[in-house]
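A short worksheet on the structure shown next.
In this text, all values refer to a predicted model and were calculated from it rather than measured experimentally. Reminder, nothing fancy here: chain letters follow the sequence lines and each chain counts from 1.
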Amino acid sequence: MTTIGVLGLQGAVREHVRSIEACGAQAVVIKKAEQLKQVDGLIMPGGESTTMRRLIDLYGFMEPMRTFAQAGKPMFGTCAGLILLAKDLVGYDEPHLGVMDVLVERNSFGRQKESFEANLDVTGLAEPYNAVFIRAPHIVSAGPSTQVLAMHNDRIVLARDGQFLGCSFHPELTEDHRLTKYFVEMVESAPVSV
Amino acid sequence: MNTGTDRVKRGMAEMQKGGVIMDVVNAEQAKLAEEAGAVAVMALERVPSDIRAAGGVARMADPRIVEEVMNAVSIPVMAKARIGHITEARVLESMGVDYIDESEVLTPADEEYHLLKSDFTVPFVCGCRDLGEATRRIGEGAAMLRTKGEPGTGNIVEAVRHLRKVNAQVRRVVHMTKDEIMTEAKLLGAPFELLLEIKELGRLPVVNFAAGGVATPSDAALMMELGADGVFVGSGIFKSDNPEKFARAIVQATTHYQDYELIAKISKELGTAMKGMEISSLSLEDRMQERGW
C-alpha cells in the first residue's frame with residue numbers, strides 16, 4: 001500500500017491523516033527525521049510556518065527533507081507547507097526547503113479577519129472546490145516548469161512543479177478529498193527508488 | 001467568497017495545534033516568543049501573575065501595546081477582552097487582532113452575559129472548567145476553547161482538573177445512547193444540538209488548549225498527555241529566570257510530549273521556574289476561574 005507521511009511538528013496533522021486514509025492510502029505522522037525513510041510521499045500541513053521552520057532546524061529535518069526531495073519523492077505543501085516548499089519568498093533572503101519553483105508571499109490576503117472560504121475552479125476537477133484560506137499565502141509567480149492549477153481573484157493558489165504540489169488553502173479542513181486523492185496518485189505514479 | 005465562517009474561525013485554531021501560545025507585554029518579548037517557536041502570542045499589558053499582584057480592575061490592554069506586538073511579529077497575535085465587554089472586543093477586532101480571548105483573567109464587564117461571539121468576524125477563544133461551560137461558549141460562537149485553570153499561579157492542578165473533567169464528560173456523551181442526551185444537556189446546562197454533534201464526532205467540534213498554571217516543560221507535556229491540543233503559557237515564561245530557555249524548552253516539550261529523555265535533557269539548567277502558589281491559599285473571590293459561568 002502507498003504510504004504517505006504527514007510532517008507532525010505542529011498544525012493540522014490529524015486532518016491530513018484522516019484525508020489520506022479516506023483516499024485508501026496509509027498515513028504516518030512524521031515526528032522524527034529518520035521516519036522519512038518509511039514513506040513514499042510527504043505532506044507538509046497547514047500551521048505556523050515560522051514555528052515549523054524552528055522545529056525543522058531544531059530536530060535536524062532540513063537535510064533529510066532535501067534528500068527526500070532529491071530522491072524524486074512527491075511532496076505536497078498546504079498553506080504553511082507551501083511556504084516551506086517555495087524557492088523564493090517575498091521579503092526573505094533565504095527560502096526554507098527551496099525546492100518548488102514558485103515565488104510565495106506570506107499572509108498575503110491579510111490578517112485573520114480577512115480569512116475566507118471560496119469556490120475554486122481547479123484544472124482536472126469537474127466540480128468547483130470549496131477552499132478555506134486562513135491567513136493564507138499566495139503564489140506571486142511560477143517558474144516555467146510549474147503548472148498553475150487554480151487561481152483566486154487573479155492570484156495563483158494551487159500549482160504543481162513536477163513532484164511538488166503546493167496550495168495556499170487548507171484542503172484538510174473540508175471533507176472533500178479530491179486534492180489529497182490527486183496527491184496520492186502523484187505518489188503512486190512516481191518513479192520508485194528504494 | 002465568505003469571511004468569518006465557522007470553518008475559517010475554527011480552522012485558524014486547528015492550525016495552532018501542537019503549539020504554544022505565549023503571553024507577552026511588549027515587542028521584545030513577542031520577538032523572543034516567535035524566535036523560540038511560539039505559534040502565536042497573546043498581547044497583554046501585564047501577565048496574569050502581575051495582574052493578580054496589582055489588584056484593582058484589569059482591562060483590555062492599551063491598544064499601543066497590541067499594535068506594537070502586531071508590528072513586531074509575523075505569527076498570529078491574540079488579545080484579551082473582558083467577559084461581556086462588547087466594545088473592547090470590537091476595538092480589538094477593528095485593530096486586526098487575529099484572535100480574541102474573552103478572558104476571566106481580566107475583570108468581567110458583565111456578570112450575567114458572555115459575548116455573542118458568532119456576531120464577530122474575528123474568532124474567539126474562551127475558558128472552560130467542564131463540558132457545560134465549554135458547550136455554552138461554543139454555542140455563543142467560540143471557535144476555540146482552553147481550560148481556565150488558575151491563571152498566574154504557576155500551579156497546574158486546576159488546569160489538570162478542568163481538562164480531565166471536560167474529556168471525561170465528552171467520553172460519557174460519546175458513549176450515551178441518543179435518548180439520554182437531552183437529560184445530559186439539562187444536567188450540564190449544555191445546548192442539546194452540540195452534545196449531539198459531540199456524540200457524532202466523537203470529540204469536541206473545536207480545539208481545546210491547556211491554560212492557567214503551566215510553569216515548566218513537564219507541565220506542558222503533561223497537558224498534552226492528557227489530551228490538550230496545545231498549550232497557553234501566561235506568566236510561566238517571562239516570570240522564570242531565563243525566559244528564552246524556558247520558551248524554547250516548553251515548545252519542544254509540547255511537540256515531543258512523550259519523549260521523556262528529551263524533556264529531561266531540556267529541563268536541565270533551565271534555572272528557576274516562576275514561583276508557584278497553593279490554590280487553597282486563594283480565597284474563592286480571588287480565583288479567576290470563578291469568573292464567568
Query raised in the report: A:Asn130 versus chain B, heavy atoms under 4.5 Å apart: side chain, backbone, both or neither?
Result: side chain
Requested in this report: Determine whether A:Glu48 and B:Glu34 make a side-chain contact, defined as any pair of heavy atoms from C-beta on separated by less than 4.5 Å.
Outcome: no
Query raised in the report: Where does B:Ala38 contact chain A at under 4.5 Å (heavy atoms): side chain, backbone, both or neither?
Result: backbone
Query raised in the report: Would the number of heavy atoms belonging to other residues, nucleotides or ligands and lying under 6.0 Å from CD1 of B:Ile86 be above 12?
Result: no
Report task. Measure from the side-chain N and O atoms of A:Lys113 to the backbone N and O of B:Asp98, and report whether any donor-acceptor pair falls under 3.5 Å. Result -> no
Query raised in the report: Based on non-hydrogen pairs under 4.5 Å, which of A:Ala12, A:Gly110, A:Ala118, A:Cys79 is most in contact with chain B?
Result: A:Ala12
**Report entry** Heavy-atom contact with chain B under 4.5 Å, split by part of A:Asn153
**Finding:** side chain
Query - Atom group of A:Thr174 that falls short of 4.5 Å from chain B, counting heavy atoms - result: both
Query raised in the report: So do A:Arg14 and B:Glu14 actually touch side chain to side chain, heavy atoms under 4.5 Å?
Result: yes
Query raised in the report: Does atom NZ of B:Lys31 have more than 12 heavy-atom neighbours, drawn from other residues, nucleotides or ligands, at distances under 6.0 Å?
Result: no
Query raised in the report: Does a sphere of radius 6.0 Å around CD in A:Gln147 hold more than 12 heavy atoms from other residues, nucleotides or ligands, not counting ones at 6.0 Å or beyond?
Result: yes
Query raised in the report: Does the side chain of A:Arg135 reach to within under 4.5 Å of the side chain of B:Pro76, using non-hydrogen atoms?
Result: yes
Query raised in the report: How many angstroms lie between CD1 in A:Ile134 and CZ in B:Arg10, if you round to the nearest 0.5 Å?
Result: 12.5 Å
Requested in this report: Go through the steps for B:Lys17 and A:Val13 under the test side chain to side chain contact (heavy atoms under 4.5 Å, CB included), then give the verdict.
Outcome: CA-CA 8 Å; B:Lys17 276 188 305 199; A:Val13 179; over 6 Å; no
Query raised in the report: Tell me, side chain or backbone of B:Val20 under 4.5 Å from chain A's heavy atoms, or both, or neither?
Result: neither
Query raised in the report: chain B heavy atoms under 4.5 Å from A:Arg106: which part of the residue, side chain, backbone, both or neither?
Result: side chain
Query raised in the report: What's the spacing between B:Asn2 CG and A:Ser115 OG if we round to 0.5 Å?
Result: 12.5 Å
Query raised in the report: B:Val251 versus A:Leu55: any side-chain heavy-atom pair under 4.5 Å?
Result: yes
Report task. Compare all side-chain heavy atoms of A:Phe116 with those of B:Thr5 and state whether any distance is below 4.5 angstrom. Result -> no
**Report entry** Region of A:Leu173 in contact with chain B, defined by heavy-atom distances below 4.5 Å
**Finding:** both
Query raised in the report: Tell me, side chain or backbone of A:Glu172 under 4.5 Å from chain B's heavy atoms, or both, or neither?
Result: side chain
Query - Side chains of B:Val8 and A:Glu117 in contact at under 4.5 Å (non-hydrogen atoms) - result: yes
Report summary line: In terms of heavy-atom pairs under 4.5 Å with chain A, the winner among B:Gln252, B:Lys9, B:Met70 is B:Gln252
Requested in this report: Take A:Arg54 and B:Glu35 through the salt bridge (charged side-chain N to carboxylate O under 4.0 Å, His left out) test and state the conclusion after the steps.
Outcome: CA-CA 8 Å; A:Arg54 295 278 171 274; B:Glu35 206 49 45; 3.3 Å; yes
Query raised in the report: Does atom CZ of B:Arg164 have more than 12 heavy-atom neighbours, drawn from other residues, nucleotides or ligands, at distances under 6.0 Å?
Result: no
Report summary line: Most contact-rich option vs chain A, by heavy-atom pairs under 4.5 angstrom, among B:Ser74, B:Gly19, B:Gly11, B:Gly18, is B:Ser74
Requested in this report: Answer whether the closest heavy-atom distance between the side chains of A:Lys32 and B:Asp259 falls below 4.5 Å.
Outcome: yes
Query raised in the report: Quick one: are A:Arg111 and B:Val77 in side-chain contact, heavy atoms under 4.5 Å?
Result: yes
Requested in this report: Would you name the heavy atoms of A:Val132 and B:Arg7 that are closest together and state the gap between them?
Outcome: CG2-CD, 3.5 Å
Query - Pairs of heavy atoms under 4.5 Å with chain A: top-ranked of B:Ala36, B:Gly4, B:Ala40, B:Gly37 - result: B:Gly37
